[in-house]
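Some notes on the structure that comes next.
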Amino acid sequence: LASFPEMATSFSLGSLLRGRLAPTQLTVERPVVELSRDASGSISFRIGGAAAGSGQDIAMSMIGPAEADAPMGQLTRLRIRDATVIVDDEMVGRRWRAGHLDAAITRDDMGSAGDFSVAVTLGAETSELHATYRYAAARRKLDLGLSVDRAQPAALAELLPTLAPL
């Protein structure tokens with residue numbers, strides 16, 4: 001389930017003249033997205049009543065290079081501002097929330113680059129996760145930078161049981 005209080009988009013003029021809506025830029029303000037993580041760790045979400053597919057499939061379509069014939073293939077810039085993500089997490093048997101999520105992704109024929117930050121309350125502490133990436137499609141190379149502020153390793157085990165030994 002998802003709600004999008006405010007969105008702005010730009011469309012390809014050439015595609016509009018051929019009768020196709022092909023967004024080139026999309027900005028979403030304050031969306032609320034509900035995800036599900038099953039017992040095996042697979043993540044999926046729904047928009048309205050229809051399954052939107054796995055989160056990994058959608059992420060990979062945005063991370064890869066722009067492809068003119070794909071449904072969102074001409075989208076070159078995606079911005080998400082102040083999102084809230086709610087996860088129904090069967091893997092750990094709880095429901096949790098991450099707020100103030102901001103993301104920006106740009107892509108072209110060569111690949112993509114992005115920036116992501118989110119605040120997650122784990123235990124008594126609110127931690128901020130920040131990630132940047134650059135994906136070079138021709139070389140199939142991903143450069144990733146990740147930082148986490150105010151994270152208690154024991155609290156991370158609540159979301160990722162494999163980290164319990166920490």
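Only a predicted model underlies this, so the values are computations on that prediction, with no experimental measurement involved.
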- [ ] First locate atom CE of Met91, then atom OG of Ser36, and finally report the distance between them rounded to the nearest 0.5 Å.
- [x] 14.0 Å

Task: Spacing of CG belonging to Leu144 relative to OH belonging to Tyr133, to within rounding of 0.5 Å - done: 10.5 Å

- [ ] State, yes or no, whether a side-chain contact exists between Thr106 and Asp108 at a heavy-atom distance under 4.5 Å.
- [x] no

Task: Nearest heavy-atom neighbours spanning Ser112 and Arg107 - done: CB-CB, 3.5 Å

Open item on the list: According to side chain to side chain contact (heavy atoms under 4.5 Å, CB included), who are the partners of Ala137, at least two apart in sequence or on a separate chain?
Closed with: Pro65, Tyr135

Task: Side-chain donor/acceptor of Thr9 to backbone N/O of Pro23, under 3.5 Å - done: no

Open item on the list: Considering only residues two or more places apart or on different chains, which pairs with a residue in residues 77-88 satisfy salt bridge (Lys or Arg N to Asp or Glu O under 4.0 Å)?
Closed with: Glu29-Arg81

- [ ] List the steps, then state whether salt bridge (Lys or Arg N to Asp or Glu O under 4.0 Å) holds for Arg37 with Asp89.
- [x] CA-CA 5 Å; Arg37 182 166 71 161; Asp89 197 335; 2.6 Å; yes

Open item on the list: As a quick check of understanding, evaluate side-chain hydrogen bond (donor to acceptor under 3.5 Å, both in side chains) for Ser15 and Gln74, giving each step before the final call.
Closed with: CA-CA 10 Å; Ser15 291; Gln74 293 186 41; 3.0 Å; yes

- [ ] Please check if Leu146 and Phe116 belong to a single hydrophobic cluster, counting links between Ile, Leu, Val, Met, Phe, Trp and Tyr side chain heavy atoms closer than 4.5 Å.
- [x] yes

Task: Spatial distance of atom OG (Ser147) from atom CD (Glu128) [nearest 0.5 Å] - done: 8.0 Å

TODO: Show your reasoning for whether side-chain hydrogen bond (donor to acceptor under 3.5 Å, both in side chains) applies to His130 and Asp115.
DONE: CA-CA 8 Å; His130 185 256; Asp115 185 79; 2.9 Å; yes

Open item on the list: Working to the nearest 0.5 angstrom, can you tell me the gap between Ser117 OG and Asp102 CG?
Closed with: 4.5 Å

Open item on the list: Do Trp96 and Val148 sit in one hydrophobic cluster, given that two such residues count as connected whenever their side-chain heavy atoms are within less than 4.5 Å of each other, even indirectly?
Closed with: yes

Task: More than 12 heavy atoms from other groups under 6.0 Å of CZ on Arg97 - done: no

TODO: Check step by step if salt bridge (Lys or Arg N to Asp or Glu O under 4.0 Å) holds for Glu34 and Arg95.
DONE: CA-CA 10 Å; Glu34 291 193 40; Arg95 188 170 169 93; 3.1 Å; yes

- [ ] Decide yes or no for Ile80 and Leu101: does some side-chain heavy atom of the first lie under 4.5 Å from some side-chain heavy atom of the second?
- [x] yes

Task: Residue pair Thr24 / Leu75, side-chain heavy-atom distance below 4.5 Å - done: no

